[in-house]
2 protein chains.
Amino acid sequence: MKPLNINDIAKAAGVGKSTVSRVLQGQNHVSPDARARIESTIRELGYQPNMVASGLRKRRIQTIGLIIPDISNPFFPEITLGVQQVADERGYAVLLANSGWSNDREEDLVALAQRQRLDGMIINPVHISLAALRAFGHSVVVIGTRAAYREFDAVGSNTAESVQLALAHLHALGHIHILALPGPRGQDSTRNREAAIYTAMQARPDKLPQIHYCEFTKSGGYDAVAALLSLTPRPTAVLCGNDLIAIGMLAGLRERGITVPGQISVVGIDDIELASVCCPTLTTVHKPKREMGMTAANMLIDRIEGNIQSPPQMKKMSTHLVIRESTAAVGISSG
Amino acid sequence: MKPLNINDIAKAAGVGKSTVSRVLQGQNHVSPDARARIESTIRELGYQPNMVASGLRKRRIQTIGLIIPDISNPFFPEITLGVQQVADERGYAVLLANSGWSNDREEDLVALAQRQRLDGMIINPVHISLAALRAFGHSVVVIGTRAAYREFDAVGSNTAESVQLALAHLHALGHIHILALPGPRGQDSTRNREAAIYTAMQARPDKLPQIHYCEFTKSGGYDAVAALLSLTPRPTAVLCGNDLIAIGMLAGLRERGITVPGQISVVGIDDIELASVCCPTLTTVHKPKREMGMTAANMLIDRIEGNIQSPPQMKKMSTHLVIRESTAAVGISSG
DNA sequence: TTATACACTGGGAACGTTCCCAGTGTCGTA
DNA sequence: TACGACACTGGGAACGTTCCCAGTGTATAA
């Protein structure tokens, strides 16, 4: 009924519980004979050590938290896979939670992580306060490049570079009237993208893209079509804050019979798998999502295991442009 | 340095630790005065109870496991969201792990769940043995409708119905030469789909679809195009085991200049979000993924909390056909 | 021979909760 | 007044590990 414990094994193997514990932890100072006897007993009885008890004593539960906004956004499963792969290799389990872009949920989840005494946490923060994040009291790695969180380790993609690549591509194709959809108004990642736009356009401030705000979702992009069509002169290209927005926009444009890239070029950011399948296939800026997850997990576990005492560092992964069908040179007929 | 514990709170509030514990657990037999003092002390000092210690004593850690093959398959994030929503509402956290379709990983993960003393587990099994699943020793809910696991609670979609709907649709459009891609050879879910095909075709066993095996992935569908083209007479329609296969097939057909649905009709199963975005948009059988996840979580937590003592039950969620652009009546020119 | 080092061993305390139980006080009723 | 019922209280044992430490034995060096 009750699962076996270390004493049962000790008795069955005719040794003390300390010796069993040493074997479980792979320590020395155990005679080959005792070790063999213990190991075979464990196998025979199918004993699985209780990590809850061990966690209580060691203050290490071999589990990290991963808090993301929304696992159904295809950007995040890739991050998750990267995190899990490394966590797994290094002996950690991953507790996954979705904040649903809500501040309250984010703070609740961090409090939960604290109660669960997780060894560390990787979070893609949306609104959460520094105070709440500090209260966690263990190592934290932030996903994203937001200055507000600079006191924590972070891994993100180079937003400035992504936006720069996308805009340069559109400029090279002759696009001057551009609409930018950097994300929802008032969110940090939106501001990052806007800032990147200004930086990229320093040389020609007269040709700044128009800005329109929308959610980071398919329907956000879909709804933005109306805004696009109300502008005069009508933009010939759209720079979308992520691929989901771009895909929503493609759907909206198709519905209205506007051809892409014939009448309007569309470029996304992220390079989710969908981007290579939608119609037309999407020109976008590739982010190394899997690698970002792996890096985050490695940074976190290095901290947890004390391999790093240095000040917090931010790793910016580099990005590259993937040219597909959704962009083309600005045409003569555009109306 | 060291986090607060229940004794610190007891001392600060001038009561015994038992009383604090009672407040934390929302029990009676605490005077309003003491309760108020304790609650304000907790808030003031920012105390978060240690769920590891509590878990050790209560043998309940308020965490369930979710083991799926691959979170990057868009079918699973939806399941995950459903599970998490319910788990969250009912006070449980979710430990997520990917088996990567590997038997060894599956067994490792179940052993991990056992060591972590998770309260229960939801698993979409691929190959895992009953023995390994039984060894877990806590409640298990299986995702899928596979007979082998009938000793556990299960929630799945009605495969027979899905296949029946898809085939009926193709028949109604006049398709007789059909290729079916039920999944990878030798996997139970593949066999389920095949069985469903035979059942659906009982009335006209002479017109059984051709069968070709492939992975449940985009590239599985992509590679299957070659097999499709080698058949004579060439099938006019393809029934794909899931939407990813269908989308891979669409990509492969487009590359070879074969029009869909002009020359070949394609139908999928799952209705992932991608299906409404790809080109042409995909006719498919809708599965209530989110609801399946919610149901699984509710069944599991009911078991954990002992609300159900009844024999294992299987819930089959019903499905429905979503007709989009990828299917049409069989044409005159098909070569 | 003796001292020192070190591999090996097992018992007990500690981790932070929850639960059991025994003890106090108050109230209503016989 | 005496008594049971019951709200409230706090101390100690228990959950299953890990770590500390003291103790044994053996080999090596002086």
Side-chain angles (χ1 to χ4, degrees), chain A residues 1-39 41-42 45-63 91 112 114-119 137-138, chain B residues 1-39 41-42 45-63 91 112 114-119 137-138:
Chain A
M1 190 73 267
K2 210 164 76 171
L4 296 167
N5 65 29
I6 203 171
N7 274 310
D8 300 327
I9 303 300
K11 245 172 259 171
V15 296
K17 62 181 161 56
S18 307
T19 306
V20 177
S21 176
R22 274 186 282 264
V23 169
L24 288 175
Q25 297 179 83
Q27 297 176 348
N28 323 334
H29 302 290
V30 177
S31 67
D33 176 56
R35 187 182 296 272
R37 229 166 42 244
I38 291 170
E39 282 173 347
T41 309
I42 289 178
L45 304 185
Y47 164 68
Q48 295 279 11
N50 184 331
M51 293 184 66
V52 178
S54 146
L56 174 60
R57 178 62 230 236
K58 294 218 280 192
R59 299 195 157 105
R60 277 282 195 80
I61 205 189
Q62 298 299 109
T63 302
L112 176 66
Q114 202 179 341
R115 285 197 298 279
Q116 299 247 25
R117 298 293 192 269
L118 299 186
D119 301 331
H138 297 261
Chain B
M1 189 72 266
K2 212 165 74 171
L4 294 166
N5 65 28
I6 203 172
N7 274 310
D8 300 327
I9 302 302
K11 245 171 260 172
V15 296
K17 63 183 159 57
S18 308
T19 306
V20 177
S21 175
R22 274 186 281 262
V23 170
L24 288 176
Q25 296 180 84
Q27 296 177 349
N28 322 335
H29 302 292
V30 178
S31 67
D33 175 56
R35 187 180 296 273
R37 229 166 42 244
I38 291 169
E39 282 173 346
T41 309
I42 288 178
L45 304 186
Y47 165 68
Q48 295 280 10
N50 184 332
M51 293 184 66
V52 178
S54 145
L56 174 61
R57 177 65 231 231
K58 294 219 279 191
R59 298 197 155 99
R60 277 284 192 80
I61 202 189
Q62 299 298 109
T63 303
L112 176 65
Q114 203 179 340
R115 285 197 298 278
Q116 298 248 23
R117 299 295 193 267
L118 299 186
D119 302 332
H138 298 260

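Because the structure is predicted, anything quoted here is derived from the model rather than measured.
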Residue pair Asp119(B) / Arg60(B), side-chain heavy-atom distance below 4.5 Å
yes
Thr19(B) side-chain N/O to dG10(D) phosphate OP1/OP2 under 4.0 Å:
yes
Between Gln114(A) and Pro3(B), is any pair of side-chain heavy atoms under 4.5 Å apart?
no
Closest to the Gln27(B) side chain: dC19(C), dT9(C), dC8(D)?
dC19(C)
Starting at the 5' end of DNA chain C and moving along, which residue's nearest nucleotide shows up first, His29(A) or Gly16(A)?
His29(A)
Can you tell if the side chain of Thr63(A) reaches within under 4.5 Å of the side chain of Gln116(B), non-hydrogen atoms only?
yes
Remember a base hit wins even if backbone is also touched, and classify Ala34(B) as base, sugar-phosphate or nothing at under 4.0 Å, heavy atoms.
sugar-phosphate
Base-contact (B) and sugar-phosphate-only (S) positions in nucleotides 13-18 of chain D, heavy-atom cut-off under 4.0 Å, - elsewhere
BBBBBB
Could you tell me if the side chain of Gln48(A) sits less than 4.5 Å from the side chain of Arg117(B), heavy atoms only?
yes
Results of ring pair (Phe, Tyr, Trp, His ring centres under 6.0 Å) for His138(B) - residues two or more places apart only
Phe136(B)
Touch check for Val15(A), heavy atoms < 4.0 angstrom, all strands: base, sugar-phosphate only, or nothing?
sugar-phosphate
To the nearest Å, how far apart are Asp33(B) CG and dT9(D) C1'?
13 Å
Quick one, Arg37(B) and Val15(B) - any side-chain contact, counting heavy atoms below 4.5 Å?
yes
